[in-house]
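Nothing here was measured: the structure is a model prediction, and the numbers come from that model. As the structure lists them, so they are numbered: ligands from 1, and atoms in each ligand from 1. What's counted below: heavy atoms across the whole structure, side chains too, no hydrogens, waters or symmetry copies.
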Amino acid sequence: MTLDATHDPRLRSWVESANDPATDFPIQNLPFGVFRRAQSNESPRAGMAIGDRILDLAAATDAGMLRDVPTDALVACARPELNHLMRLGRGAARALRIAASDLLRADAARQADAASRILVPIADAELFVPAAIGDYTDFYASVHHATNVGSMFRPDNPLLPNYKWVPIGYHGRASSIVVSGTAVRRPAGQTRDPDQSEPTYGPSRRLDYELEVGAFIAEGNALGAPISIGDAEMHVFGLCLVNDWSARDIQTWEYQPLGPFLAKNFATTVSPWVVTFDALAPFRARAYPRPVGDPAPLPHLFSQNDTNSGGVDLTLEVWLASAQMRERGIAPMRVSRGSFTGMYWTIGQLVAHHTSNGCDLRPGDLLASGTVSGPTKESRGCLLERAWRGTEPIELPSGETRAFLQDGDEVIMRGYCERSGHRRIGFGECRGVVLSAPRRQVGRQVAGFTINV
Ligand code: CA
């Protein structure tokens, strides 16, 4: 991946907010999303974040402002999900990003008078899940996460023998994927405490978040035709943030022998902006250096390019605000900060593995990385690890403590790339408030639970 004029750190935009050093969306980023003006009857359509504005790609197309973009890519921008654009492959997105960069750069100021026609304040917009996600797969690619969680349940043998050979994953649920800002209901389910002889049905008492990175598929592959590791990244449109909400008590009771089911499929939150691999080009990193003694990836999961630059130098943070903190005007507290460079498997390896049996991926499919945890306590990407199964609760600035999420808690995930000599770019936020469990699901068996509304 080569750098071009769109990555030039000196590039500035006539959209003034895009020049703020703190913005996630400078002109060097230009992530894709789907939006419309809030409280309007407009059709959702494709846009790009620029500073605190959205470039309306359909309006810019109508105004003839996007140069050298294939017609089918321009037509795709008017559609209410990005699948049509994703289907055209990464080249179409690259052409749009270059055209938008040319349109928005400061020395193209002749376009500034058109701003009101082609820009919408993000604050005035309704944002959507960026693609109609046909299939959602969740992996388990952080060896630190797998080791931490494994050690809670199998202290002597935390990593199962397959872990370093095969990227572990499961098929998730696409219908319950929601966009950042959507409140999430605490699920009810069947659980069994260690001191109980029989399970009961009621609201989860061990609700957790999982900090993950999602990859949207661009061009798919035909059924029966695996994607090689060398081609894998060309099938990825871009990345977003994912919160894979998880009910640990439901999970513990149900997960054997077929894996997660109702503990995970009640909600998954995605950030609204998809950051392309083109925008991420200055921030690529070596794949995780496997410790001496670990097996090399099998040939179908190995390429020198992937080893050299299959990683992404992306910093990820989780912030938490309780209802009481918000009422008292206390700012959210950062709970963790880690790096995506510590993942055992690259995005390319996840794509190659997923299709290695002939399984077909389709444009708009979502692959999530699994919880991103690092080697330090501060870099653990879920509460199960961060508060170590409830034994080391987190103290909030309000004086409250958290072992698992309470009703009213808001989880805020952020991601950004910083590297000397390059403009910082960010992913925006992936946030959601926990609502109390639905009343109708609170049965007689759980009448004794206090349910905070
Ligand atoms: Ca997960």
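Atom OE1 is the N, O or S atom of E210 at the shortest distance from the Ca ion (ligand 1). Closest to the Ca ion (ligand 1) among the N, O or S atoms of D244 is OD2. Closest to the Ca ion (ligand 1) among the N, O or S atoms of E212 is OE2. Within D138, the N, O or S atom at minimum distance from the Ca ion (ligand 1) carries the name OD2.
Residue-environment remark: CZ (R414) exceeds the threshold of 12 foreign heavy atoms within 6.0 Å.
Taking the six-membered ring where tryptophan is involved, the planes of Y288 and Y344 are tilted, since the angle between them lies from 30° to 60°.
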Pair L239-F427, side chain to side chain contact (heavy atoms under 4.5 Å, CB included): steps then yes or no: CA-CA 9 Å; L239 307 182; F427 279 61; 3.7 Å; yes
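Side chain to side chain, E429 and S180 fail the donor-acceptor criterion of an N or O pair below 3.5 Å.
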